[in-house]
Structure formats: structure tokens, C-alpha cells
Protein chains: 2
Amino acid sequence: MRLGDGVEWTLHCCTVLGAMPPDLAVPASVLAEFHGVPSAYLAKQMQALSRANIVESIPGRKGGYKMARPATDVTLLDVVLALEGPGRAFRCTEIRQQGPSAVSPSSYVKPCGIAAAMWRAEEMYREGLAATTIADLVAELDVEVGAEQTEKAIIWLAEQLGVAEPPKAP
Amino acid sequence: MRLGDGVEWTLHCCTVLGAMPPDLAVPASVLAEFHGVPSAYLAKQMQALSRANIVESIPGRKGGYKMARPATDVTLLDVVLALEGPGRAFRCTEIRQQGPSAVSPSSYVKPCGIAAAMWRAEEMYREGLAATTIADLVAELDVEVGAEQTEKAIIWLAEQLGVAEPPKAP
DNA sequence: GTCCCTATACTCGGATAGCAAGTGTCCGAGTATAGGCGG
DNA sequence: CCGCCTATACTCGGACACTTGCTATCCGAGTATAGGGAC
């Protein structure tokens with residue numbers, strides 16, 4: 001059981017986008033260099049978020065990615081489902097219906113208790129993911145890193161985007 | 001994010017072992033044929049459970065696997081951790097410390113908020129898994145399948161093990 | 001000076017190789033049993 | 001008849017190929033911009 005690296009990358013990217021002005025698009029290449037990750041692969045992950053209507057892609061010059069919805073309306077669950085797919089981690093193949101001691105399929109009217117218990121726990125996991133939004137991550141970002149880091153990041157991003165004014169109000 | 005098939009298989013096997021008399025060992029080959037899964041691969045999964053002290057392996061003739069602890073003391077979490085490893089699904093690679101805008105590592109005293117949120121949800125998942133024991137699955141097994149299925153399974157298993165008396169009291 | 005047109009440069013998007021982990025299988029080491037032999 | 005010994009057959013355990021899905025990368029389609037030219 002392992003989540004792909006793209007989940008971590010895109011969550012950091014969404015945090016950056018959530019801290020930006022809503023109308024400013026950031027190219028995937030800038031996001032990749034900002035986090036020190038491969039540019040081409042991050043682009044592929046951002047496409048998945050674009051398909052899920054989490055971020056919006058702006059083509060052409062001065063284009064890039066920006067949040068498609070307010071950061072308060074995007075949860076961690078949305079991002080994870082967009083990248084890992086809607087399928088559940090535990091898949092019931094109904095092996096109780098196989099083997100020599102199986103009876104007619106009509107006898108298995110109740111769902112498999114093992115699958116039910118596994119899916120119940122998985123639902124708790126999803127509720128836990130849905131409890132945190134991108135906006136929460138942005139708010140926490142101010143306290144977890146010092147002002148030095150924040151200012152340095154803002155300056156670097158503004159420089160890359162060719163924007164004179166700092167994108168985030170202090 | 002996907003759990004291996006071995007999780008489903010071994011949980012069904014543990015349910016069978018939990019319904020058996022505590023001193024009767026069932027070979028992996030019988031468990032495999034009972035569930036209609038590859039014998040050699042199931043044996044590999046059972047080895048992991050043996051290493052985790054969930055089941056006990058009895059070598060030699062008339063040997064096999066039996067529960068190493070009471071079924072009430074084995075949770076779904078124990079089985080999942082034994083097979084998937086103790087590592088967490090989300091791995092924080094601290095990419096916030098990479099890239100051009102990074103500052104000295106000593107500035108990152110607080111843990112990454114993204115990783116904290118992900119691990120919080122994962123902890124809820126583990127609590128959900130720990131809430132169900134093998135004994136619960138055995139108890140639920142009586143109601144979810146009819147008496148026909150249960151009796152047929154008992155007869156088949158007794159036949160395979162060479163035991164005259166039905167292993168489970170009605 | 002203003003408007004329009006064209007060429008440009010930059011963006012995303014999907015199609016394409018490489019690799020690691022999970023999947024599936026095999027054969028060897030070890031042991032409790034069953035039968036035979038001796039007392 | 002009872003106890004001991006040996007050969008056996010069966011078990012688990014770890015080492016060896018194969019396949020699927022994730023990782024990483026590239027090039028092509030599309031568009032807003034910027035500059036130049038005409039009016």
C-alpha cells in the first residue's frame with residue numbers, strides 16, 4: 001500500500017497556487033523548479049488535476065495553472081482521488097464463491113464481511129482526508145515556516161513570473 | 001493506492017483458521033484449494049503472517065498453519081501491516097527543502113503540514129482496521145452465508161485433513 | 001496616434017520508453033509420522 | 001506384546017522468473033501576446 005509521489009508534489013503545488021492571487025497562472029515548469037522535481041512528470045500529474053476540475057489550465061503565453069475552485073472547496077481527498085483513481089484500495093474478488101466448497105451464487109446474497117470491514121476503515125480514511133482543505137494548508141504554512149522562507153519564495157516566484165508587485169499581501 | 005491481493009486471501013484464511021479448533025493445523029495447500037487461489041503464492045503470504053507471529057507454522061507431516069494467538073487478539077491492522085510492511089502510504093520527501101527558494105535546513109523545525117494532515121487521516125484508517133478482529137469476522141460468517149455453505153465447507157475440510165469428526169461444533 | 005494583422009514564443013496535452021515492486025512459481029531443508037524390526 | 005529405529009512423505013522456508021503499474025521523458029497542437037505595418 002503506497003501512494004505515488006505525485007500526491008505529495010501536487011499537494012505542494014496546490015498550496016502554492018492557493019497562496020497566489022486567484023487570477024495569476026503559474027506554469028508547471030516554474031512549479032517544478034520551485035520544488036526541485038522533474039518538470040515533465042509534474043506536468044503529467046497536473047493534467048490529472050485539470051481533468052478533475054481542481055485546477056484550471058490557461059494555454060498560451062503567460063499561461064499556466066490556477067485554482068479552478070476556491071481553496072476552501074478543495075480537499076485532500078479530491079486530490080488523492082484525482083491522481084490515484086476512484087477505485088478502492090481493497091478489492092473484493094469474491095473468492096468465497098470459488099473453490100470446491102462453493103454453493104450456488106444465489107446463496108451469497110449478503111456482501112462479504114471481510115470486504116465490508118475493510119471498506120468501512122477505508123471510508124474513515126477518506127473522511128479524514130476530506131476534513132482538510134487546501135486553504136487549511138495555506139493557513140498552516142505561515143506558522144510552520146518562518147517569515148524568511150515565505151519572503152524568499154515570494155520574491156523568487158514574482159521574478160519568474162515577471163511580476164513586479166509581490167503576489168501575496170503581507 | 002492499492003492493497004495486494006494477498007491481504008484478501010490471508011484474511012479469508014485467518015477466518016477459516018479462527019473457526020477451526022485451536023490445535024488443528026491446516027496446510028497452505030488446503031487453504032489455497034479451498035479458496036481457489038494459487039497455492040505457491042499463498043504460501044508466500046502465509047510466511048509473512050508467520051513472521052509477524054499471527055499464525056504459527058507446524059512443520060512435518062500433519063503440519064500446517066494454526067492461529068498463534070486467540071482470534072480475538074488479531075486485528076485487521078495486524079494482518080495488513082504484516083503483509084504490506086510497516087511503512088506509511090504517504091511518504092514525505094521534504095521537497096519544501098529543495099528548489100531555489102529553500103533556506104537553511106535548521107529553519108524547518110516544524111514538520112511539514114501536508115505530511116501531518118495525510119498521516120492524520122492514515123491514522124484514522126489504521127484505527128478503523130484495528131477495530132475489527134478475526135473473531136468478529138468468524139462471528140459474522142455464520143449470518144452472512146447460509147447453513148448449507150457452512151456445512152459443505154466443514155465436510156470438505158474434514159475430508160482433506162483426514163479428520164472423522166466435524167471440526168466445528170454446531 | 002490608432003487599429004489591425006501576422007509571426008512568435010510560450011503554454012498545455014497526449015503518446016512514448018524505462019524501471020521497480022508486486023505477482024507467480026519452483027526446488028531444497030527440516031520434521032513428525034508410520035511401518036518394520038528386534039527384544 | 002512392547003519399545004526402538006529407520007525410511008518416508010509431507011510440511012514450511014527462501015531463492016528464482018515474469019508481468020503489471022508507476023516513473024520519467026519527449027514532441028506536437030493550440031493560443032495569448034508582442035511587434036510591426038497600414039490607415
Side-chain angles (χ1 to χ4, degrees), chain A residues 1-10 13 17 23-33 35-66 68 80 83-85 87 89-91 93 160-163, chain B residues 1-10 13 17 23-33 35-66 68 80 82-85 87 89-91 93 95 160-163:
Chain A
M1 178 169 172
R2 183 172 157 242
L3 262 64
D5 298 341
V7 174
E8 182 186 9
W9 300 355
T10 52
C13 290
L17 293 179
D23 294 338
L24 190 59
V26 184
S29 59
V30 173
L31 290 171
E33 191 181 358
H35 294 108
V37 296
S39 169
Y41 188 34
L42 178 64
K44 183 178 180 61
Q45 314 288 352
M46 294 300 286
Q47 289 172 24
L49 264 63
S50 177
R51 276 190 291 267
N53 203 31
I54 293 172
V55 300
E56 187 179 352
S57 68
I58 310 292
R61 197 164 175 166
K62 293 278 184 185
Y65 288 102
K66 71 184 187 69
V80 170
L83 268 64
E84 300 285 321
F90 181 85
R91 289 131 201 239
T93 57
Q160 293 297 316
L161 296 173
V163 180
Chain B
M1 179 169 171
R2 181 172 161 241
L3 262 64
D5 299 340
V7 174
E8 182 188 9
W9 301 355
T10 52
C13 290
L17 294 179
D23 294 338
L24 190 60
V26 184
S29 59
V30 173
L31 290 171
E33 193 183 356
H35 294 108
V37 296
S39 168
Y41 189 33
L42 177 64
K44 185 179 178 61
Q45 312 289 352
M46 294 301 287
Q47 289 173 25
L49 265 63
S50 177
R51 275 190 291 269
N53 204 31
I54 294 173
V55 299
E56 187 179 351
S57 68
I58 310 292
R61 197 162 175 169
K62 292 277 182 184
Y65 288 101
K66 70 184 188 72
V80 171
L83 267 63
E84 301 285 320
F90 182 85
R91 288 129 202 240
T93 57
I95 64 174
Q160 292 297 316
L161 297 174
V163 180

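In what follows, chains carry the letters A, B, and so on, assigned in the order in which the sequence lines appear, proteins first and then strands, with residues in each chain numbered from 1. No experiment lies behind these values; they were computed from the predicted model shown.
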[N] OP1/OP2 closer than 4.0 Å to side-chain N/O of [X]:
{"X": "R51(B)", "N": "dG14(D)", "value": "yes"}
{"X": "S50(B)", "N": "dC12(D)", "value": "no"}
{"X": "S57(B)", "N": "dG13(D)", "value": "yes"}
{"X": "Q47(A)", "N": "dG14(C)", "value": "yes"}

Exercise for review: Would you mind reading off the distance between R91(A) atom CZ and dG22(C) atom C1', rounded to a whole angstrom?
Suggested key: 13 Å
Check your understanding: What integer distance in Å separates K66(B):NZ from dT11(D):P?
Key -> 17 Å
Restricting to nitrogen or oxygen on both sides, can you table the protein-nucleotides 8-10 of chain C pairs closer than 3.5 Å?
none

So which protein N/O to nucleotides 19-28 of chain D N/O distances come out below 3.5 Å?
residue : atom : partner : partner atom : Å
dT23(D) : OP1  : D5(A)   : N            : 3.1
dT23(D) : OP2  : Y41(A)  : OH           : 2.8
dT23(D) : O5'  : Y41(A)  : OH           : 3.4

Practice item. Under 4.0 Å between any heavy atoms, over every strand shown, what does A28(B) touch: base, sugar-phosphate, or nothing? Just pick one. Key: sugar-phosphate
Looking only at heavy atoms, which two atoms of [X] and [Y] are closest? And how far apart?
{"X": "R91(A)", "Y": "M1(B)", "value": "NH2-O, 4.4 Å"}
{"X": "A25(A)", "Y": "I58(A)", "value": "CB-CG1, 4.1 Å"}
{"X": "K66(A)", "Y": "L24(A)", "value": "CB-O, 3.9 Å"}
{"X": "N53(B)", "Y": "A68(B)", "value": "O-CB, 3.7 Å"}

Just jot down the side-chain contact (heavy atoms from CB on, under 4.5 Å) partners of [X], sequence neighbours excluded, or say none.
{"X": "R61(A)", "answer": "none"}
{"X": "A28(A)", "answer": "A43(A), Y65(A)"}
{"X": "I95(B)", "answer": "E8(A), W9(A), H12(A), H35(A), V37(A), T93(B), Q98(B)"}

Going by atom type alone, with no hydrogens or angles, which donor-acceptor pairs under 3.5 Å involve a side-chain atom of residues 44-51 of chain A and a protein atom two or more places apart or on another chain?
residue : atom : partner : partner atom : Å
Q45(A)  : NE2  : Y41(A)  : OH           : 2.8

Practice item. Mind checking the CG-CD1 spacing from L83(B) to I54(B)? Nearest 0.5 Å is all I need. Key: 8.0 Å
Review point. Relative to the 5' end of DNA chain C, which residue comes earlier, V26(A) or P59(B), by the nucleotide with the nearest heavy atom?
Key: V26(A)
